[in-house]
Engineer: 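This is the structure, below, for whatever I ask next.
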Amino acid sequence: DKLLSLARSQSKLAEVERMTMFQSIEHFTNQNGFADGIRLFINSISNQQLSPADADALERKYGALLSHVVLELTEEESNISSVTQQKRKYLMQWKAQLALDDYGIGYNGDAVLLEIKPDYIKLDMTLIRDVDKDENKRMLIDNIILYCKSRGIKVIAEGIEKKEEME
C-alpha cells in the first residue's frame, strides 16, 4: 500500500506496472516455473497499461510463455474500461487469462465482475475469514460460486487457515 501510494503521488504507477510485468516473468522463468498447467498470477494496476512498445518487447522476449500468465486486476484503483479493453486485447493475443484480485473489497465488486467477465476471481480473505461461523458469509459465497460456476469463471479463496473454513 505504501509503495503504491508513493508511486501514485509521483505519477509513477505506469512504471510500477511495467516493472511488475517484466520482473515477475523474468523471475519465474529463472525458477523453471513454466511447466504445463502452471499459471503465473501477476498483479496489475487496474487503471494502468503497458505501452505498445513495452507490450511488443514483452512478447518478443517471452513469447509463448505469456500463455501461462493470469493478469490480476487489483482492487486499489478504479477500472477504466478503455484500459481494461486494451489489457484484454493483449491477453487474447498471448492466450493469457484475467482475474479479479481481492474480489468483494475495494473496486472489485459485482459491477466489475459483470463488466469484465474474468477467467478467475480471487475472493478476498475478509469474506473467507470465519466463514464457518457466519451464515451470511456462507450464503454470499455460495451465490458467488454458483454465479461463477454457471459462467465458467474459476473461484479462488484467499486466506483459508482452518479446515472448517475450507469445508
Engineer: Between Phe22 and Ala57, which heavy-atom pair has the shortest distance, and what is it?
Structural biologist: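 So the two residues come closest at CZ-CB, 4.1 Å.
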Engineer: Are Trp94 and Leu58 side-chain neighbours, meaning at least one heavy-atom pair lies under 4.5 Å?
Structural biologist: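 A side-chain contact exists here, since the closest heavy-atom pair is under 4.5 Å.
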Engineer: Step by step, would you call Lys133 with Glu164 a salt bridge (charged side-chain N to carboxylate O under 4.0 Å, His left out)?
Structural biologist: CA-CA 9 Å; Lys133 299 172 187 164; Glu164 295 80 14; over 6 Å; no
Engineer: Show your working on side-chain contact (heavy atoms from CB on, under 4.5 Å) between Gln86 and Lys89 and close with a plain yes or no.
Structural biologist: CA-CA 5 Å; Gln86 184 60 46; Lys89 180 182 164 195; 3.8 Å; yes
Engineer: Do Glu167 and Lys163 touch side chain to side chain, with heavy atoms closer than 4.5 Å?
Structural biologist: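 The answer is yes, as the side chains (C-beta and beyond) meet within the 4.5 Å cut-off.
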Engineer: Applying ring-ring contact (aromatic ring centres under 6.0 Å, His included), can you list everything that pairs with Phe41, at least two apart in sequence or on another chain?
Structural biologist: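 Tyr120.
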Engineer: Quick one: pull up CG in Asp101 and CD1 in Ile121 and give me the separation to the nearest 0.5 Å.
Structural biologist: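 One finds 11.0 Å between CG of Asp101 and CD1 of Ile121.
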Engineer: Starting at CD1 of Ile128, measure out to CG of Asp134 and round the result to the nearest 0.5 Å.
Structural biologist: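 Answer rounded to 0.5 Å: 11.5 Å.
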Engineer: Who passes side-chain hydrogen bond (donor to acceptor under 3.5 Å, both in side chains) against Ser67, sequence neighbours left out?
Structural biologist: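 Checked Ser67 against side-chain hydrogen bond (donor to acceptor under 3.5 Å, both in side chains); zero matches.
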Engineer: Connecting only ILVMFWY residues whose side-chain heavy atoms lie within less than 4.5 Å of each other, what is the rest of Met19's hydrophobic cluster?
Structural biologist: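 In the cluster with Met19 there is nothing else; it is isolated.
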Engineer: Would you say the side chain of Glu72 lies within less than 4.5 Å of the side chain of Leu98, judging by non-hydrogen atoms?
Structural biologist: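 Contact flag for Leu98/Glu72 side chains = no.
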Engineer: Quick one: name the residues clustered hydrophobically with Met139, using the 4.5 Å side-chain heavy-atom rule over I, L, V, M, F, W, Y, and just say none if it's on its own.
Structural biologist: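 Once heavy-atom contacts under 4.5 Å are chained together, Met139 still belongs with nothing else.
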Engineer: Rounded to the nearest 0.5 Å, what's the gap from CD on Glu115 to CG on Leu100? Could you check?
Structural biologist: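 Between Glu115 CD and Leu100 CG, I get 10.0 Å after rounding to 0.5 Å.
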Engineer: Which pairs with one or both residues in residues 136-158 pass salt bridge (Lys or Arg N to Asp or Glu O under 4.0 Å), sequence neighbours excluded?
Structural biologist: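 Non-adjacent pairs meeting salt bridge (Lys or Arg N to Asp or Glu O under 4.0 Å): Lys122-Glu158, Glu135-Arg138.
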Engineer: What distance do Arg18 atom CZ and Ile45 atom CD1 have between them, rounded to the nearest 0.5 Å?
Structural biologist: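 Interatomic distance, Arg18 CZ to Ile45 CD1, rounded to 0.5 Å: 13.5 Å.
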Engineer: Once you round to the nearest 0.5 Å, how far does CG of Leu13 lie from CD of Gln48?
Structural biologist: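 With rounding to 0.5 Å, CG (Leu13) is 5.0 Å from CD (Gln48).
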Engineer: Out of Asn43, Leu66, Leu91, Leu40, which one pairs with Leu71 under the side chain to side chain contact (heavy atoms under 4.5 Å, CB included) rule?
Structural biologist: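 Checked Asn43, Leu66, Leu91, Leu40 against Leu71; only one passes side chain to side chain contact (heavy atoms under 4.5 Å, CB included): Leu91.
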Engineer: Is the shortest side-chain heavy-atom distance between Ile144 and Tyr103 below 4.5 Å?
Structural biologist: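 With C-beta onward as the side chain, the pair touches.
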Engineer: Give me the atom names and distance for the closest heavy-atom approach of Val131 to Leu127.
Structural biologist: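 Val131 and Leu127 have their closest heavy atoms at CB-O, 3.9 Å.
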Engineer: Mind checking what makes side-chain hydrogen bond (donor to acceptor under 3.5 Å, both in side chains) contact with Ser24, not counting sequence neighbours?
Structural biologist: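 Once residues adjacent in sequence are excluded, Ser24 has no partner under the side-chain hydrogen bond (donor to acceptor under 3.5 Å, both in side chains) criterion.
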Engineer: Taking the side chain as everything from C-beta on, heavy atoms only, tell me whether Lys87 gets closer than 4.5 Å to Ser44.
Structural biologist: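 Lys87 vs Ser44: side chains touch.
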Engineer: State the CG-CG distance between Leu73 and Asp102, to the nearest 0.5 angstrom.
Structural biologist: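 That separation rounds to 11.5 Å.
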Engineer: Which atoms form the tightest heavy-atom contact between Glu161 and Glu165, and what is the distance?
Structural biologist: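 Minimum heavy-atom separation between Glu161 and Glu165: N-OE1, 2.9 Å.
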Engineer: Hey, is NZ on Lys117 packed in by over 12 heavy atoms from elsewhere, all under 6.0 Å?
Structural biologist: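 No - once you tally the heavy atoms of other residues, nucleotides and ligands closer than 6.0 Å, there are 12 at most.
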